[in-house]
Amino acid sequence: MDIRPTLAAPDDDPHLWLEEIEGERALAWVAAQNARTLSRLADSRYAADRDGLKAALDRPGKLPHVTRRAGWLYNYWQDAAHPRGLWRRTTEASFRTEAPEWEVLLDLDALAASEGEDWVWQGATTLPGTHDRALLRLSRGGGDAVVLREFDLAARAAVPGGFALPEAKSSAAWLDRDTLLLSTALGEGNATASGYPRRVRLWRRGTAPLEAPVLFETAPESMGLWGAVDREGGAERIVFLEKTGFYDTIVHLGDRTGPTARIPLPSDASFTWQAGWLAAKPRTPWTVAGTAYAPDTLLAFDFAAVLRGEFLPVVLFEPAPRRSLQGFFWCQGRLVLSVLDDLAPVYTLLTPGSWAAAEIPGLPRIGVVDLWPLDSEPEESDGTLLALAQDPVTPPQLLLTSTAPAAPALLKASTPSFDAAGLTVTRHQAVSVDGERIPYVQIGPREESDPERGRAPVHLSAYGGFRVSRLPYYSATVGRLWLEKGGTAVIGQIRGGGEFGTAWHEAGRGAAKARSHDDFAAIAADLVARGVTVPGRIAAEGGSNGGLLIANMLTRYPERFGALFCTIPLIDMRRYTKLLAGASWIAEYGDPEKPEEWDFIRAFSAYHAAEPGRPYPPILLATTRRDDRVHPGHARKMAAKLQALGYDAGFYEPEAGGHGYGKDNGEVASFSALGAAFLRRAIGWEEN
């Protein structure tokens with residue numbers, strides 16, 4: 001039995017060949033693993049779930065999300081007839097009707113077929129003002145790397161001889177009709193160690209992109225550098241966003257010759273400006289003019305004074321233990337605050353100068369509410385805001401409101417994707433190993449009518465990283481594959497996330513990362529203590545950083561789970577910085593090259609901790625070959641090691657999908673249905 005690699009010898013890794021994404025030996029191994037997994041799970045029940053979920057994701061009554069450009073509402077739409085999607089637009093008047101008349105600008109299925117490419121839509125940026133030209137972002141197979149292509153909206157075709165850039169991690173912003181601000185990792189020396197752009201160029205029409213003059217560059221060890229354009233007041237100002245680390249950004253202002261000034265704020269502060277005011281929120285304690293301000297305090301400054309080095313702050317928001325500022329943005333000269341007050345959404349408008357505050361009326365205080373400007377360009381906004389409101393059993397509703405507070409108007413309501421009859425949503429708290437209260441949301445049958453009470457089949461998920469707030473959204477996937485069948489779903493708000501601000505994130509970051517995993521295990525234990533279920537009936541799922549979480553449940557808390565579905569995961573924490581974008585996450589996990597940091601990272605490197613003879617629950621590891629963010633080698637190597645140790649670990653890897661479950665609704669449905677089939681059978685809820 002080969003037990004390598006181990007915590008004692010972390011660099012002795014016999015599975016490194018599986019990191020060769022397109023290696024012949026590696027692909028043969030993947031093909032054999034896929035065949036084995038599909039032969040076990042892909043039966044008629046799986047097919048019915050897959051087809052049912054795809055139909056739900058493709059349903060005509062789902063919400064079309066829109067952005068306004070020059071009076072038109074733009075939408076990207078995928079359904080059964082157009083799995084890759086249509087880029088389309090309609091008028092505001094037509095959008096308000098039950099059956100809007102859409103003008104199709106691009107049929108991506110037709111384009112992919114004509115060019116023989118596996119195109120996946122990654123968005124478009126239109127020329128501000130006229131909005132008659134666009135830069136399309138097209139990915140092969142769903143990865144982060146994209147092809148840039150100039151598109152004529154009137155002709156509905158690529159511009160002959162127009163701007164075009166080969167596949168790379170790139171972005172571009174329009175300066176004018178014939179000039180772009182280009183950030184690209186394409187070409188030798190243009191990528192950081194994390195694989196992101198390190199140079200911003202001034203790209204003029206008719207010139208070669210990599211011969212375009214460099215306006216600014218960052219160090220190779222930085223995370224990346226990007227350019228943007230500020231047009232407030234009709235004046236052009238170029239903004240250079242230099243990310244020196246995942247949580248640190250230096251912002252420079254300049255013109256077409258390069259940066260001319262740096263905004264003198266802490267690199268860990270998030271900030272935005274408009275109408276002569278700058279709003280800033282520090283991530284660490286910040287002393288301004290002799291006064292110390294706590295992390296997540298929102299401060300307002302005169303922007304011109306800040307550029308002169310003068311700071312006279314006005315306090316706009318102060319955090320509390322269970323009250324956090326999730327975000328803030330400007331819209332037509334007013335500042336909009338997004339707050340979670342003990343997980344309840346609250347949106348407040350602030351008027352500069354007096355800083356009078358008014359809550360945006362009529363928005364729900366339960367479930368999840370997202371709010372954003374309708375217009376794509378800040379300088380074109382008339383103050384119109386869109387809100388998306390939902391909860392785990394109520395389909396999303398699209399509401400129209402504005403910076404002139406008034407009761408929101410219902411624009412569109414989604415049709416249901418699953419039958420939620422008899423389901424209820426409740427909130428609970430588990431107690432983690434250090435006594436911290438960990439909230440979670442439970443969705444399932446009412447206790448008095450639940451035939452599975454005491455042995456409920458539970459689908460448990462969380463994230464716990466990068467200050468991402470895991471909130472109880474409406475989910476067609478969980479609804480169709482778990483709730484509608486009589487199961488219970490649980491969503492945890494564990495530390496490492498952003499639900500309660502920076503302090504909550506810091507309590508599960510770096511040396512404290514293992515604590516977020518303790519929190520998840522505490523939720524599983526609390527479900528048992530409350531009499532909801534038993535350990536063998538808890539099926540846990542997580543992806544990306546959540547995949548790291550699931551892998552650690554296998555090695556650290558195997559007795560608390562009946563089955564684990566570990567997707568697009570980080571697992572090998574010894575080598576993660578050497579794989580694709582891994583170097584950019586050192587701020588979240590630590591640097592394994594530093595002995596003092598490896599000492600705490602090793603506590604959550606499940607790849608090295610896995611050992612023979614443990615009572616590990618069944619696990620299915622799944623990734624995608626086109627994931628160019630989290631390397632597929634993580635999942636491959638973990639599956640190979642577990643199998644070498646004698647465990648019956650499953651593995652699945654479709655070719656496309658990027659850092660997600662698929663490039664279209666069919667692939668997402670297949671991936672999700674396969675995982676659900678595995679979980680249900682492994683916990684004995686469905687016969688093998």
Side-chain angles (χ1 to χ4, degrees), residues 34 37-65 77-86 109 142 390-396 413-425 443-445 450-452 456-461 472-491 537 539-541 543 563 565 567-568 620 622 624 650 652 654 656-657 660-688:
N34 284 350
T37 297
L38 291 171
S39 69
R40 292 182 170 191
L41 299 173
D43 59 11
S44 59
R45 295 168 297 177
Y46 153 78
D49 281 342
R50 177 199 62 204
D51 295 346
L53 177 56
K54 182 181 184 301
L57 296 173
D58 284 334
R59 68 193 187 281
K62 65 185 178 181
L63 279 182
H65 295 268
W77 181 260
Q78 293 172 288
D79 59 22
H82 310 95
R84 294 180 188 272
L86 300 173
D109 294 273
Q390 60 195 294
D391 65 53
V393 296
T394 305
S414 173
T415 56
S417 59
F418 65 95
D419 183 0
L423 297 177
T424 186
V425 181
I443 312 104
D450 184 5
E452 300 275 8
V458 172
H459 181 276
L460 174 59
S461 64
Y473 285 91
Y474 186 83
S475 170
T477 300
V478 174
R480 295 280 304 195
L481 302 180
W482 212 267
L483 295 173
E484 196 174 73
K485 295 177 181 291
T488 294
V490 172
I491 303 166
R537 298 275 275 184
E541 177 178 348
F565 185 32
T567 67
I568 50 175
L620 174 62
T624 73
Y652 179 63
Y661 283 12
K663 69 175 183 288
D664 57 39
N665 291 337
E667 290 185 0
V668 170
S670 296
F671 195 106
S672 300
L674 197 73
F678 165 76
L679 291 175
R680 293 197 305 261
R681 296 174 201 186
I683 65 171
W685 188 27
E686 183 175 280
E687 293 183 1
N688 288 306

### Message
Strictly distance-based, threshold 3.5 Å: is any side-chain N or O of Glu484 a donor or acceptor partner for the main-chain N or O of Asp419?
### Response
yes
### Query
Is a side-chain N or O of Trp482 found less than 3.5 angstrom from the main chain of Pro457, in a donor-acceptor match?
yes
### Task
Scan for side chain to side chain donor-acceptor pair (under 3.5 Å) pairs involving residues 667-678, sequence neighbours excluded, and state none if there are none.
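Listed by first then second residue: Lys663-Glu667.
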### Which residues share a side chain to side chain donor-acceptor pair (under 3.5 Å) with Thr567, sequence neighbours left out
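Thr567 satisfies side chain to side chain donor-acceptor pair (under 3.5 Å) with Tyr661 only.
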### Query
Excluding sequence neighbours, so at least two apart, what forms side chain to side chain donor-acceptor pair (under 3.5 Å) with Thr394?
Asp391
Using the side chain to side chain contact (heavy atoms under 4.5 Å, CB included) criterion, which residues pair with [X]? Sequence neighbours excluded.
| X | result |
| --- | --- |
| Leu86 | His82, Val104, Asp107 |
| Pro83 | Asp109, Asp664 |
| Pro392 | Val425, Ile443, Pro472 |
| Thr415 | Arg59 |

Ignoring hydrogens, what is the shortest heavy-atom contact between [X] and [Y]? Give both atom names and the distance.
| X | Y | value |
| --- | --- | --- |
| Asn34 | Tyr652 | OD1-CA, 3.3 Å |
| Leu620 | Gly650 | CD1-C, 3.5 Å |
| Val478 | Ala489 | CG1-CB, 3.6 Å |
| Thr477 | Leu53 | CA-CD1, 3.8 Å |
| Leu57 | Ala476 | CD2-CB, 3.9 Å |
| Pro416 | Pro395 | CA-CG, 3.7 Å |

By salt bridge (charged side-chain N to carboxylate O under 4.0 Å, His left out) - contacts of [X] (at least two apart):
| X | value |
| --- | --- |
| Asp49 | Lys485, Arg680 |
| Arg480 | none |
| Arg40 | Asp648 |
| Asp43 | Arg45, Arg681 |

### Task
For Leu679 and Phe565, run side chain to side chain contact (heavy atoms under 4.5 Å, CB included): C-alpha distance rounded to whole Å, both residues' side-chain angles, the deciding distance at 0.1 Å, then the answer.
CA-CA 7 Å; Leu679 291 175; Phe565 185 32; 3.9 Å; yes
### Task
To the nearest 0.5 Å, tell me how far Thr488 OG1 sits from Leu460 CG.
11.5 Å
#### Entry: Inter-residue atom distance Arg50.CZ - Phe671.CZ, 0.5 Å rounding
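These two atoms lie 15.0 Å from each other.
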### Min side-chain heavy-atom separation Val393-Thr424 under 4.5 Å
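A side-chain contact is absent here, since even the closest heavy-atom pair is not under 4.5 Å.
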### Query
Are any of the side-chain heavy atoms of Phe678 and Leu41 separated by less than 4.5 Å?
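Yes; the side chains approach each other to less than 4.5 Å.
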### Message
I'd like to check the ring-ring contact (aromatic ring centres under 6.0 Å, His included) partners of Tyr474; sequence neighbours left out, ordered by chain and number.
### Response
Phe418
